[in-house]
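Here's the structure, in structure tokens; my notes come after.
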Amino acid sequence: MNIPLIIGLMVALLLLVVGYGAWAQYRQKVESEKRQELNRYHQLIETTEDMISSAHYFPYTKELLICLNQRIYDALVAMKEIDPSDKQLGPRIANIEAQIKQLAELFNNSDIATFKVPTTEKQALGMLQLVKRLRTVIKAEHSKGRLSTQVFVAENARLESMQLRINIENVVKRANDAKLKNQVGTAKQLLKKGLDVLATKNDDYSNNARDRLTAILNDIEQGHSENQHKARQEMLDRDKDDIDALFQPKKKW
């Protein structure tokens, strides 16, 4: 019996088992990273599509729509490189490519949806979240060189302006609601906060909004002053009646 040969075969088998285990772990790690990367791109596409779906009630320019669609296109291409066997990616890439071309050639900025002021607190919060997400996206796309500096500056300024309008209109609504509930302190606090935000702005909307907030604040303060005067006068009248009653001659029965 050739013992060295047997030992050699056992060592070779052991090395083969260890090597196979290491290779299997490596493949498992690669597949896990691949799935994570694909999931990341799936999530990116879903969130971007969600933002695009808001274009029917929120003013999106052609440049912003192209940027968002290009973001989806880049994600799909990256997914195709990771998983070339996925047959669904090819048609999706072709479809988004056609959409980008159509936007570039046919979309007119006169078709942009009109900005609608939020009518509820929930709407205002939703719109603010959307604007913040859009600003984050264009900043990321610009940092990657996918969005020109000129377009980024213009879009960021436009989104910042809308963010201001949403905040201010929400302040006006909340202040008026507080006024109706006779919550004078809350209404004044909201209006003063809005005026502080507008203090550094000098565009048409900001100037008009500043005048509106100031007028509402003055109206509240005037009404509050008149109510205080009325209450003071009523108290004086009551005191006078009490004094008159005290010094009235007593009736003899």
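Computation of the quantities below employed the complete heavy-atom set of this structure, encompassing side-chain atoms and omitting hydrogens, waters and symmetry-equivalent molecules. For clarity, every value in this text was computed on a predicted model and none was experimentally measured.
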> After noting the C-alpha distance and the side-chain angles of L164 and S161, does the key distance pass the side chain to side chain contact (heavy atoms under 4.5 Å, CB included) rule?
Replying inline: CA-CA 5 Å; L164 174 68; S161 176; 5.7 Å; no
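- Taking 4.5 Å as the limit, some side-chain heavy atom of I52 sits within range of a side-chain heavy atom of N69.
- Considering CD of E155 and CG of L134, their distance stands at 9.0 Å, rounded to 0.5 Å.
- Here the shortest heavy-atom pairing between L68 and T48 reads O-CG2, 3.3 Å.
- A distance of 11.5 Å separates CD in Q222 from CG in L217, rounded to the nearest 0.5 Å.
- Annotation: the span from L130 atom CG to L125 atom CG amounts to 12.5 Å, rounded to 0.5 Å.
- Going from atom CD of E221 over to atom NZ of K188 covers 4.5 Å, rounded to the nearest 0.5 Å.
- Atom CG of L191 and atom CG of D196 lie 11.0 Å apart (nearest 0.5 Å).
- Applying the ring-ring contact (aromatic ring centres under 6.0 Å, His included) test to every pair with at least one member in residues 142-184, sequence neighbours left out, gives these pairs: H142-F152.
- Between L159 and K132 the shortest side-chain heavy-atom distance does not fall below 4.5 Å.
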Let me have the donor-acceptor pairs involving side chains of residues 173-181, under 3.5 Å, with sequence neighbours excluded, atom names and distances please.
from : atom 1 : to   : atom 2 : distance (Å)
K173 : NZ     : D177 : OD2    : 2.9
N176 : ND2    : V172 : O      : 3.3
K179 : NZ     : D219 : OD2    : 2.5

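- At most 12 heavy atoms of other shown residues, nucleotides or ligands fall within 6.0 angstrom of atom CD in Q43.
- Within 6.0 Å of CD on E121 lie more than 12 heavy atoms contributed by other residues, nucleotides or ligands.
- For the salt bridge (charged side-chain N to carboxylate O under 4.0 Å, His left out) condition, the pairs that include at least one residue of residues 204-213, sequence neighbours left out, are E169-R212.
- In the hydrophobic clustering of ILVMFWY residues, with side-chain heavy atoms under 4.5 Å counting as a link, L44 and L147 come out apart.
- In this structure Y73 satisfies the ring-ring contact (aromatic ring centres under 6.0 Å, His included) test with no other residue, sequence neighbours excluded.
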List the atom pairs, with distances to 0.1 Å, where a side-chain N or O of residues 35-42 and a protein N or O form a donor-acceptor pair under 3.5 Å, not counting sequence neighbours.
from : atom 1 : to  : atom 2 : distance (Å)
E37  : OE2    : R40 : NH2    : 2.9
N39  : ND2    : R35 : O      : 3.2

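- Using a 4.5 Å heavy-atom threshold, the side chains of I168 and L213 count as touching.
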With a 3.5 Å cut-off and sequence neighbours excluded, list the donor-acceptor pairs that the side chains of residues 84-106 form with protein atoms.
from : atom 1 : to  : atom 2 : distance (Å)
S85  : OG     : D83 : OD1    : 2.5
D86  : OD1    : Q88 : N      : 3.0

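- With rounding to the nearest 0.5 Å, the separation of CG in L198 from CG in N207 is 9.0 Å.
- Applying the side-chain contact (heavy atoms from CB on, under 4.5 Å) test to A55 and every residue at least two apart in sequence or in another chain returns Y60, L65.
- Under the rule for a side-chain contact (heavy atoms from CB on, under 4.5 Å), the partners of T119 that lie at least two apart in sequence or sit in another chain are Q123.
- For R165, there are no salt bridge (charged side-chain N to carboxylate O under 4.0 Å, His left out) partners two or more places apart in sequence or in a different chain.
- Annotation: salt bridge (charged side-chain N to carboxylate O under 4.0 Å, His left out) contacts involving residues 51-77, sequence neighbours excluded, comprise R71-E141, D74-R146.
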> Which is it for T47 and D50 under the side chain to side chain donor-acceptor pair (under 3.5 Å) test, yes or no, and what are the steps along the way?
Replying inline: CA-CA 5 Å; T47 56; D50 184 51; over 6 Å; no
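- A search for side-chain contact (heavy atoms from CB on, under 4.5 Å) contacts involving K116 returns nothing, not counting sequence neighbours.
- Looking at every heavy atom in both residues, C67 comes nearest to I138 through SG-CG2, 4.5 Å.
- Taking the side-chain contact (heavy atoms from CB on, under 4.5 Å) definition, one finds that E160 meets it with R135, K201, sequence neighbours left out.
- Side-chain contact between F107 and T61 is absent, with no heavy-atom pair separated by less than 4.5 Å.
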